[in-house]
Amino acid sequence: MSENTGTLTSHLWSSSDLYRNAVLELQEAAETMKLDPNIASRLQVPKRAMIVSVPIRLDNGSIRVFEGYRVQHNMTLGPGKGGIRFHPEVNLSEVAGLAMLMTFKCSLVGLPLGGAKGGVRVDPNQLSRQEAQALTRRYTTEINMIIGPDKDIPAPDIGTDAQHMAWMMDTYSQEKGFAIPGVVTGKPIEIGGSLGRAESTGRGVVYTIQHAAKHLKDTGKPGPKMDGSTTVAVHGFGKVGAVAALEIHQLGTKVVAISDVHGGLYNKNGLNIPDILSFMGKNRTFVGYPEAEAITNEELLATPVDILIPAAIDGVITAENVGRVKATIIAEGANGPITLPALKQLEERGCFIIPDILCNAGGVIVSYFEWVQGIQNFFWSEREVNAKLAEVMENAFKKVIDVRSHYNCGMKTAALIAGVDRLNRAMLLRGLFP
Ligand code: GLU
């Protein structure tokens, strides 16, 4: 048999931009760190994937069948871990790419977990609560043979939240005959969730921004002071972006722009984030908030700010719009928000990128804490959770900085190398079966 050249990725996986981007970034990291080519080619494809049809009865009595996926990319370090995405454009390739990012994220921050991801191709905004529940329960049943507290542990992602996790936990537990809270994380507190989990991703984003600002200062580079002179724009004012905006506002910086799918808000003197959140509590949207100008998502990305937090979805900063992006720090709150060509331009320009697998790792770190608390049936205070989160994020940040100076590479490549290195050693130790 001829040798594996290690560069070909099958068409089945590679149809999405997100997956191709992830593979190209992996290849760059592999080349930089001179990774064993056998390991490099193995990591380009997932271990296992499941495609399921999810039929549900709609409120109007008709039946509709949705397509669902669960991809387990690598489980060398422990059970698979990763969210469930409900989005109209989700597909097998994208879920595979996101599962790959989870592998490197869990490895980088030192968790005993592998990488996985799931999704259902559906617009969650079109579903009633009853339909969302039916979809979540049937999807859980269809994938129940590959998930479990020791096998693969889902969590929320775009379009899903603690309520979806409660339905997943209940469905899985009903089928087994007893309560199994450890099958998912990101659950409501009442059924075994962790304090601080809901805020953890946004909080972690802000921790990494603080470390980045300090790092720039310590190394004599121009960077934000993290006071009233510092301006921030947040793209995606949802589960991650809204928390990050609030936390960074509370530090005393000026959040001048926010946006979501409905549009954006701008105020050069700084937006009053707590006031916007209470406006949203009453009106369900920030559109129409009086103390700001309305802006578009594209205008937000081009706003002259010190820090930009793309916290919505992948592929937002592209070769087409990167020329208009002016921020000096970009914190990737979402998974894959900067395309590879855009990343190269930003790096050449000296922009400090906080890579997604580091920046948004707070979510999976506190998911891990939730899983550990559940196994022990011993729950921690929110202060304890936050302190442990801060410690893990600080160590991961330092690790990426060390790798970057060792290889003299970009932050994105450094984060991947740090993740791949730990995994590589584990894979070599475990060896190839049979
Ligand atoms: N969906 C989140 C992520 O992309 C969290 C995953 C988890 O908590 O397992 O990291």
Side-chain angles (χ1 to χ4, degrees), residues 18-19 22 69-75 77-87 90 94-120 124 143 147-149 151-162 164-165 168-169 181-188 192-194 196-205 207-208 236 238-241 243-244 310-314 331-337 354-374 385 389 392-393 396 415 419:
L18 189 137
Y19 184 88
Y69 322 90
R70 183 73 186 170
V71 179
Q72 296 165 342
H73 173 260
N74 186 291
M75 313 219 288
L77 295 168
K81 190 83 196 81
I84 305 285
R85 180 171 287 201
F86 283 5
H87 191 273
V90 93
E94 184 180 295
V95 175
L98 291 164
M100 188 187 296
L101 293 181
M102 286 308 302
T103 299
F104 304 137
K105 191 185 300 185
C106 291
S107 177
L108 162 66
V109 297
L111 305 182
L113 295 167
K117 203 81 173 195
V120 178
I143 62 163
I147 60 169
K151 290 192 207 169
D152 180 6
I153 308 143
D157 196 76
I158 293 174
T160 59
D161 59 20
H164 296 85
M165 295 307 113
M168 288 193 81
M169 178 269 191
V183 65
V184 287
T185 58
K187 296 180 292 293
S194 173
R197 171 62 183 88
E199 300 80 11
S200 56
T201 314
R203 206 166 262 158
V205 168
Y207 291 158
T208 60
K239 282 179 299 188
V240 179
V243 174
I313 200 156
D314 60 280
E332 291 191 309
N335 290 311
I354 310 173
D356 49 6
I357 61 169
L358 171 66
C359 188
N360 69 30
V364 74
I365 294 168
V366 180
S367 269
Y368 165 65
F369 296 162
E370 177 176 330
W371 183 66
V372 168
Q373 292 170 80
V385 170
L389 169 65
V392 176
M393 300 264 343

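Since the structure is predicted, the reported quantities are computational estimates derived from the model, not experimental observations. Order of appearance sets the numbers: ligands from 1, and atoms from 1 within every ligand.
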Is Gly82 in contact with ligand 1, taking contact as a heavy-atom separation below 4.0 Å?
yes

Does the [X] side chain pair with the main chain of [Y], one donor and one acceptor, at a distance under 3.5 Å?
| X | Y | result |
| --- | --- | --- |
| Lys117 | His73 | no |
| Lys105 | Gly419 | no |
| Asp356 | Gly336 | yes |
| Ser194 | Glu370 | no |

Could you list which atoms of ligand 1 come closer than 4.0 Å to a heavy atom of [X]?
| X | answer |
| --- | --- |
| Ala155 | 7 (C), 8 (O), 9 (O) |
| Gly83 | 1 (N), 6 (C) |
| Asn335 | 4 (O) |
| Ser367 | 7 (C), 8 (O), 9 (O) |
| Met102 | 3 (C), 4 (O), 6 (C), 10 (O) |
| Gly363 | 8 (O) |

Just let me know how [X] lines up against ligand 1, side chain, backbone, both or neither, with a heavy-atom cut-off below 4.0 Å.
| X | value |
| --- | --- |
| Pro156 | backbone |
| Lys117 | side chain |
| Val366 | neither |

Any chance the side chains of Arg197 and Ser367 put a donor and an acceptor closer than 3.5 Å?
yes

Heavy-atom nearest neighbour in the protein, as seen from [atom], with distance rounded to 0.1 Å:
| atom | result |
| --- | --- |
| atom 5 (C) of ligand 1 | Arg197 NH2, 3.7 Å |
| atom 3 (C) of ligand 1 | Lys105 NZ, 3.4 Å |
| atom 1 (N) of ligand 1 | Asp157 OD1, 2.8 Å |

Worked check of side chain to side chain contact (heavy atoms under 4.5 Å, CB included) between Leu389 and Tyr207
CA-CA 9 Å; Leu389 169 65; Tyr207 291 158; 3.8 Å; yes

Can you find an N/O atom of Lys81 closer than 3.5 Å to an N/O atom of ligand 1?
yes

If I take atom [atom1] from residue [X] and atom [atom2] from residue [Y], how far apart are they, to the nearest 0.5 angstrom?
| X | Y | atom1 | atom2 | answer |
| --- | --- | --- | --- | --- |
| Tyr19 | Asp314 | OH | CG | 15.0 Å |
| Ile84 | Ile143 | CD1 | CD1 | 5.0 Å |
| Ile365 | Asn360 | CD1 | CG | 9.5 Å |

